[in-house]
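Notes for the one structure printed next.
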Amino acid sequence: MPKVIEIKDGDPLAWDDLVRRSSVATWFQTKEACDFYDRLPLLEAFAMGVEDEGRLKGVVAGYIQKDGGKLKQFLSKRAIVTGGPLLAEDITNEELAVLLDALKSQLRRKAIYIETRNFNDYSRWQQVFDKCDFAYEPHFDIWVDTSSMDVVNEHLGKSRKRDIRVSMRDGATIVTKPTIEQVREYYVILADLYKNKVKTPLFPVTYFEQLYQLPSSAFLLVEY
């Protein structure tokens, strides 16, 4: 019989093992990511799992985000599951349905909607999502194969390669281990881009400062 558990209080080794076994695993569904959300005062983290016969079969972790003043925050509270749920290869439809229904029940009074931003193909479970009242919306993105430098170079156009060579010749350098001050400089550029071009909300600088502290994070900056 499937049972919903508070995964943050459960066995961390079982969570890590599910990450290793799942074909739809991403960093955003790891305990490290959940703990990261938990440390940020601007977010309210949530996480739950479903187990059957003592075995962890699925995890849903994410955060509740809100923007603006008190009224806008009340009207914009949304639960984000970045990467999509973490699911075992043999999770049953019943187990997944129990997990999704528990997620809706827990967040009913905390968020106006729940959004799972899937980074993998979840089509084999779409019927379960439909039955649990999740609406599927296709989203097109650009996937770039970075499995090796040979593959990357093969897909770079001649003009882009020329631009890179000229930039490096003129003094641009790649910073692989920036200081926290350089990350803050980067944020100023990013904030201006989001305000004037992207025109969507951006996390405050504290988000990036906390991300900088994670052992698994990486910032690649260009300095001139």
Side-chain angles (χ1 to χ4, degrees), residues 16 19-20 22-45 61-69 72 76 78 80-84 86 115-121 137-224:
D16 290 342
V19 170
R20 286 190 293 270
S22 175
S23 65
V24 292
T26 70
W27 177 84
F28 298 96
Q29 291 296 297
T30 63
K31 189 176 188 304
E32 183 184 40
C34 188
D35 291 342
F36 170 66
Y37 300 147
D38 232 359
R39 290 195 297 270
L40 294 169
L42 64 151
L43 302 178
E44 180 181 345
Y63 55 83
I64 296 172
Q65 184 180 354
K66 47 197 175 184
D67 304 311
K72 188 176 180 182
S76 67
R78 56 210 181 273
I80 308 297
V81 181
T82 306
L86 174 66
E115 179 181 345
T116 73
R117 298 175 178 173
N118 302 337
F119 291 171
N120 289 283
D121 184 4
E137 294 188 9
H139 176 75
F140 296 99
D141 211 337
I142 298 172
W143 290 78
V144 180
D145 187 348
T146 57
S147 55
S148 72
M149 282 303 298
D150 288 338
V151 171
V152 172
N153 285 324
E154 182 182 340
H155 289 91
L156 271 180
K158 290 183 178 179
S159 61
R160 181 56 52 86
K161 290 179 181 178
R162 183 177 62 251
D163 291 343
I164 293 172
R165 284 197 302 270
V166 171
S167 296
M168 301 289 280
R169 183 199 65 197
D170 290 347
T173 57
I174 299 171
V175 183
T176 58
K177 293 182 179 180
T179 64
I180 187 64
E181 288 75 19
Q182 288 173 312
V183 170
R184 289 170 181 149
E185 287 184 63
Y186 152 72
Y187 180 81
V188 172
I189 298 171
L190 193 65
D192 180 70
L193 179 67
Y194 267 70
K195 179 181 178 181
N196 297 306
K197 296 273 184 79
V198 182
K199 298 187 183 297
T200 59
L202 176 66
F203 281 130
V205 67
T206 52
Y207 177 92
F208 294 85
E209 291 171 339
Q210 289 286 335
L211 192 63
Y212 178 80
Q213 304 299 328
L214 291 182
S216 59
S217 72
F219 286 84
L220 300 177
L221 308 182
V222 175
E223 187 176 62
Y224 180 71

Look only at the side chain of [X] and the backbone of [Y], and say whether a donor-acceptor pair between them is shorter than 3.5 Å.
{"X": "Gln182", "Y": "Thr179", "answer": "yes"}
{"X": "Tyr212", "Y": "Phe219", "answer": "no"}
{"X": "Ser22", "Y": "Leu86", "answer": "no"}
{"X": "Gln29", "Y": "Ala61", "answer": "yes"}
{"X": "Lys161", "Y": "Asn153", "answer": "yes"}
{"X": "Glu154", "Y": "Met149", "answer": "no"}

Nearest-0.5 Å distance, [atom1] of residue [X] to [atom2] of residue [Y]:
{"X": "Ile80", "Y": "Glu115", "atom1": "CD1", "atom2": "CD", "result": "4.5 Å"}
{"X": "Glu223", "Y": "Ile174", "atom1": "CD", "atom2": "CD1", "result": "12.0 Å"}
{"X": "Asp35", "Y": "Leu40", "atom1": "CG", "atom2": "CG", "result": "11.0 Å"}
{"X": "Arg39", "Y": "Leu211", "atom1": "CZ", "atom2": "CG", "result": "10.0 Å"}

Taking the side chain as C-beta and beyond, is there a heavy-atom pair between [X] and [Y] under 4.5 Å?
{"X": "Leu220", "Y": "Val175", "value": "no"}
{"X": "Val144", "Y": "His155", "value": "no"}
{"X": "Tyr63", "Y": "Leu42", "value": "no"}
{"X": "Leu156", "Y": "Ile164", "value": "yes"}
{"X": "Pro215", "Y": "Glu32", "value": "yes"}
{"X": "Tyr187", "Y": "Phe203", "value": "no"}
{"X": "Ser216", "Y": "Trp27", "value": "yes"}
{"X": "Glu209", "Y": "Ile180", "value": "yes"}

Is there a donor-acceptor contact under 3.5 Å linking the side chains of Ser148 and Asp150?
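No donor-acceptor contact under 3.5 Å links the two side chains.
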[X] to [Y] - nearest heavy-atom pair and separation:
{"X": "Val152", "Y": "Asp145", "answer": "CG2-O, 3.9 Å"}
{"X": "Tyr224", "Y": "Asp170", "answer": "CE1-O, 3.1 Å"}
{"X": "Gly84", "Y": "Thr116", "answer": "CA-CB, 4.4 Å"}
{"X": "Asp192", "Y": "Asn196", "answer": "OD1-ND2, 2.7 Å"}
{"X": "Asn120", "Y": "Ala25", "answer": "ND2-O, 4.3 Å"}

Do Tyr207 and Phe36 make the cut of ring centroids closer than 6.0 angstrom?
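Yes, close enough.
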